[in-house]
Amino acid sequence: MYHKWGKMVVCLAIKAVFFDIDGTLLTDHRVVHQTTIAAINQLKKQGILVGLATGRDPRFVLKYMASLSIDFVVAYNGQYIFSRDGVIFAKELQRVDMENLIAYAQRHKQDVTLGTATGFVGSSIMNMGMGDLSYRITRLIPSWLTRMVNLILNRWVRKLAPQKSENLMGLLQQPIYQMVVLATEFETKKMQKAFPNLEFTRSSHYAADIISKYSSKLAGIARLGESYDFSLSEVMAFGDANNDIDMLRGVGFSVAMGNASRKVKLAATYVTESNNRDGIFQALAAAGLVSEDEHVSE
């Protein structure tokens with residue numbers, strides 16, 4: 001483990017703490033570490049706001065919001081923001097952009113899923129991949145094999161459950177806040193060139209998240225700050241994936257998990273232990289925001 005802020009005490013400067021979910025808040029077994037729960041409880045006792053910033057959909061997030069007493073959520077990479085009182089902000093993708101991207105994905109034999117106000121719909125392959133067992137398996141696959149896995153999914157598994165463009169077009173009758181395309185990093189770069197009016201980011205090795213131009217987790221956090229009276233300099237954020245980089249660079253204090261890539265770690269103020277250990281608690285303790293003594297007493 002290495003870090004840049006040392007044993008600095010930053011507690012007086014922090015008004016809100018945000019956690020990415022996959023690979024950060026959750027372990028690879030898709031549970032929240034007990035020390036993370038203890039840390040969040042300590043933050044709440046101090047009156048520090050706690051939020052989630054994720055590419056995930058609202059339905060997936062709700063169970064963690066309830067069990068951890070989360071104040072608000074930046075979902076769909078900033079496209080859909082809500083608190084326990086209701087929706088704060090929602091930005092739909094333009095229909096013409098979605099139609100064009102669906103047509104592009106169909107030509108390149110790539111599966112697409114759509115993010116609605118309740119959850120993801122569209123791709124049976126990706127729905128399967130979001131399940132607990134598939135999630136655990138994909139976390140074990142080395143990054144250099146992901147291109148082969150994508151090829152297998154898009155070219156061979158897709159034959160068993162082909163995705164029809166007319167079915168996807170029918171789903172566009174409702175508001176869509178994010179699209180996800182099963183694509184490698186190389187394929188994502190090609191899509192970025194084809195669709196410069198959209199924002200492309202990646203929260204996994206296997207797929208690209210597509211949102212409105214200039215949307216991001218960081219923009220969503222800034223929007224919440226306007227409503228809850230905190231600035232980005234008063235925010236601490238935790239993440240592990242490429243879609244966390246802007247957030248980690250833009251807030252006052254940022255933490256990359258030990259399981260993050262080198263690129264993500266370089267964007268952060270501090271690098272902590274992995275999501276499978278007590279990385280969140282260790283970083284918050286180093287920042288002076290939580291106490292090991294209080295954790296032990298609990």
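Small disclaimer: the values here were computed from a predicted structure and weren't measured. Computed over heavy atoms, backbone and side chain alike; hydrogens, waters and symmetry mates excluded.
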Measuring from atom [atom1] of [X] to atom [atom2] of [Y], what distance do you get when rounded to the nearest 0.5 angstrom?
{"X": "Leu248", "Y": "Ser254", "atom1": "CG", "atom2": "OG", "answer": "5.0 Å"}
{"X": "Met257", "Y": "Tyr270", "atom1": "CE", "atom2": "OH", "answer": "10.5 Å"}
{"X": "Asp71", "Y": "Ser83", "atom1": "CG", "atom2": "OG", "answer": "8.5 Å"}
{"X": "Glu185", "Y": "Asn242", "atom1": "CD", "atom2": "CG", "answer": "6.5 Å"}
{"X": "Met191", "Y": "Glu187", "atom1": "CE", "atom2": "CD", "answer": "7.0 Å"}
{"X": "His108", "Y": "Leu182", "atom1": "NE2", "atom2": "CG", "answer": "14.5 Å"}

> Going by distance alone, is a donor N or O of one side chain under 3.5 Å from an acceptor N or O of the other, for Asp209 and Ser203?
Replying inline: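 Their side chains do contain a donor-acceptor pair, which is all the 3.5 Å distance test asks for.
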>> If only side-chain N and O atoms count, and only distance matters, is there a donor-acceptor pair under 3.5 Å linking Thr24 with Asp240?
In response: yes
> Asp28 and Asn275: side chain to side chain donor-acceptor pair (under 3.5 Å), yes or no, with the steps?
Replying inline: CA-CA 7 Å; Asp28 289 351; Asn275 62 317; 3.0 Å; yes
Say whether [X] and [Y] are linked into one hydrophobic cluster, either directly or through other cluster members, by side-chain heavy-atom distances under 4.5 angstrom.
{"X": "Ile221", "Y": "Ile14", "value": "no"}
{"X": "Leu232", "Y": "Val255", "value": "no"}
{"X": "Phe253", "Y": "Phe230", "value": "no"}
{"X": "Leu224", "Y": "Tyr64", "value": "no"}
{"X": "Ile280", "Y": "Leu52", "value": "yes"}

Do the side chains of [Y] and [X] get nearer than 4.5 Å, heavy atoms only?
{"X": "Val50", "Y": "Phe19", "answer": "yes"}
{"X": "Leu43", "Y": "Leu284", "answer": "yes"}
{"X": "Leu101", "Y": "Val181", "answer": "yes"}
{"X": "Asp278", "Y": "Thr36", "answer": "no"}
{"X": "Gln106", "Y": "Leu168", "answer": "yes"}
{"X": "Val74", "Y": "Thr54", "answer": "no"}
{"X": "Met236", "Y": "Val251", "answer": "no"}
{"X": "Tyr76", "Y": "Pro58", "answer": "yes"}

> For Asp97, which residues count as a salt bridge (charged side-chain N to carboxylate O under 4.0 Å, His left out) partner, sequence neighbours excluded?
Replying inline: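 Residues passing salt bridge (charged side-chain N to carboxylate O under 4.0 Å, His left out) with Asp97: none at all.
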> Excluding sequence neighbours, so at least two apart, what forms salt bridge (charged side-chain N to carboxylate O under 4.0 Å, His left out) with Arg249?
Replying inline: none
Closest approach of [X] and [Y], non-hydrogen atoms and distance?
{"X": "Leu93", "Y": "Ile210", "result": "CD1-O, 3.9 Å"}
{"X": "Ala207", "Y": "Val180", "result": "CB-CG1, 3.6 Å"}
{"X": "Phe238", "Y": "Ala283", "result": "CE2-CB, 3.7 Å"}
{"X": "Tyr80", "Y": "Ala117", "result": "OH-CB, 3.9 Å"}
{"X": "Val61", "Y": "Arg56", "result": "CG2-CB, 4.2 Å"}
{"X": "Lys213", "Y": "Asn197", "result": "CB-O, 3.5 Å"}

> Per the side chain to side chain contact (heavy atoms under 4.5 Å, CB included) rule, which among Ile37, Ile40, Thr35 passes with Phe281?
Replying inline: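 Output: one option passes, namely Thr35.
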>> With side chain to side chain contact (heavy atoms under 4.5 Å, CB included) as the criterion, how do Ile245 and Val264 come out once you've worked through the C-alpha distance, each side chain's angles and the decisive distance to 0.1 Å?
In response: CA-CA 6 Å; Ile245 289 175; Val264 175; 4.0 Å; yes
> Checking side chain to side chain donor-acceptor pair (under 3.5 Å) for the pair Ser215/Glu199: CA distance, chi angles, key distance, verdict?
Replying inline: CA-CA 7 Å; Ser215 290; Glu199 201 77 47; over 6 Å; no
> When you look at Ile88 and Arg223, which way does the side chain to side chain contact (heavy atoms under 4.5 Å, CB included) test go after all the steps?
Replying inline: CA-CA 9 Å; Ile88 296 170; Arg223 191 176 295 275; 5.5 Å; no
Enumerate donor-acceptor pairs with a distance under 3.5 Å from any side-chain N or O in residues 172-179 to protein atoms, sequence neighbours excluded.
| unit_1 | atom_1 | unit_2 | atom_2 | d |
| --- | --- | --- | --- | --- |
| Gln178 | OE1 | Asn77 | ND2 | 2.8 |
| Gln178 | NE2 | Gly55 | O | 3.1 |

> Would Phe18 and Val235 count as a side chain to side chain contact (heavy atoms under 4.5 Å, CB included) if you check the C-alpha gap in whole Å, the side-chain angles of each, and the deciding distance to 0.1 Å?
Replying inline: CA-CA 8 Å; Phe18 285 83; Val235 171; 3.7 Å; yes
Quick check: does any side chain N or O of [X] sit under 3.5 Å from a backbone N or O of [Y], one acting as donor and the other as acceptor?
{"X": "Lys15", "Y": "Ile48", "answer": "no"}
{"X": "Gln79", "Y": "Lys91", "answer": "yes"}
{"X": "Arg202", "Y": "Thr184", "answer": "yes"}
{"X": "Glu99", "Y": "Met169", "answer": "no"}
{"X": "Ser67", "Y": "Lys63", "answer": "yes"}
{"X": "Glu234", "Y": "Ser231", "answer": "yes"}

>> Would you say the ring centers of Phe72 and Tyr228 fall short of 6.0 Å from each other?
In response: yes
> With ring centroids as reference points, do Phe195 and Tyr104 lie under 6.0 angstrom apart?
Replying inline: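 Distance test on ring centres: under 6.0 Å, yes.
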> Please walk me through it: do Val17 and Leu49 pass side chain to side chain contact (heavy atoms under 4.5 Å, CB included)?
Replying inline: CA-CA 6 Å; Val17 177; Leu49 297 167; over 6 Å; no
> So does Lys217 pair up with Asp244, basic N to acidic O under 4.0 Å?
Replying inline: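 Answer for the salt bridge query: yes.
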>> Test side chain to side chain donor-acceptor pair (under 3.5 Å) on His29 and Thr27; report intermediate values, then the result.
In response: CA-CA 5 Å; His29 292 287; Thr27 69; 6.0 Å; no
